[in-house]
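First the structure, in the form of structure tokens, and then the observations on it.
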Amino acid sequence: MDTNFYEQVYEIARLIPKGRVTSYGAIAKSLGAAKSSRMVGHAMAYAGTAHPKVPAHRVVNSSGLLTGKFHFETPERMEELLLEEGVEVKNDKVVNFKKVFWNPLDEINVDE
DNA sequence: ATCATGACCATCC
DNA sequence: AGGATGGCCATGA
């Protein structure tokens, strides 16, 4: 997988602190490809193939909805993991989304 | 190069 | 509120 694009996505995803979540669009934006939000999601699909496991469960859609839960080992795995991290999940969506939302740009432009 | 697909996003109804 | 539509862009055949 020399697909640098995915690699970048993984990089960001791995930077997501525990108990925090982010959106595909946010990651895409941080990569400079806000329009490629779907690619981010696709990249997450490949996340399982990535070597350093990527916390894809910390990545949700712009509504904080666990859209990709079905791509996990089990549809409940994602929400379960989130709950383990301390992220409240209700009806397949993150509670206090804005509260637990983590901005990738914050880690990128950290020392800029 | 073209077609089809997708863990999205925004907009419209 | 929830369904449908268009757009945008990378990947694979």
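Each chain gets a letter, A, B and so on, in the order the sequences are listed, and its residues count up from 1.
For A:Lys18, the side-chain contact (heavy atoms from CB on, under 4.5 Å) partners are A:Arg58, A:Glu85, not counting sequence neighbours. With sequence neighbours excluded, no residue forms a salt bridge (Lys or Arg N to Asp or Glu O under 4.0 Å) with A:Glu88. For A:Glu80, the side-chain hydrogen bond (donor to acceptor under 3.5 Å, both in side chains) criterion is met by A:Arg77, not counting sequence neighbours. Contacts of A:Glu79 classified as side-chain contact (heavy atoms from CB on, under 4.5 Å), with partners at least two apart in sequence or in another chain: A:Leu66, A:Leu83, A:Val89, A:Asp92.
Side-chain N/O atoms of A:Ser62 include one lying less than 4.0 angstrom from OP1 or OP2 on B:dC9.
In the region residues 18-26 of chain A, proximity to DNA chain B at under 4.0 angstrom, judged on heavy atoms, holds for A:Tyr24, A:Gly25. For DNA chain B, the residues of residues 63-76 of chain A within the heavy-atom distance limit of 4.0 Å (strictly under) are A:Thr67, A:Gly68, A:His71, A:Phe72, sorted by number. Across residues 91-102 of chain A, not one residue has a non-hydrogen atom less than 4.0 Å from an atom of DNA chain C.
Legend: salt bridge (Lys or Arg N to Asp or Glu O under 4.0 Å) pairs involving residues 36-48 of chain A, not counting sequence neighbours: none detected. Sorted by first and then second residue, the pairs that involve residues 60-101 of chain A and meet ring pair (Phe, Tyr, Trp, His ring centres under 6.0 Å), not counting sequence neighbours, are A:Phe97-A:Phe101. Within the structure, the salt bridge (Lys or Arg N to Asp or Glu O under 4.0 Å) test picks out no pair touching residues 93-104 of chain A (sequence neighbours left out).
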- Task: Determine, for nucleotides 8-13 of chain C in 5'-to-3' order, which nucleotides have protein heavy atoms under 4.0 Å from the base (write B), from only the sugar-phosphate (write S), or from neither (write -).
- Result: BBBS--
Report all side-chain donor-acceptor pairs from residues 21-36 of chain A shorter than 3.5 Å, counting only partners two or more places apart or in another chain.
unit_1: A:Thr22; atom_1: OG1; unit_2: A:Trp102; atom_2: O; d: 3.1
unit_1: A:Ser23; atom_1: OG; unit_2: A:Ala26; atom_2: N; d: 3.2
unit_1: A:Tyr24; atom_1: OH; unit_2: A:Val59; atom_2: O; d: 3.3
unit_1: A:Ser30; atom_1: OG; unit_2: A:Ala26; atom_2: O; d: 3.3
unit_1: A:Ser30; atom_1: OG; unit_2: A:Ile27; atom_2: O; d: 2.3

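To the nearest angstrom, C1' of B:dA7 lies 8 Å from CE of A:Met78. Rounded to whole Å, the distance from OH on A:Tyr10 to P on B:dA7 is 13 Å.
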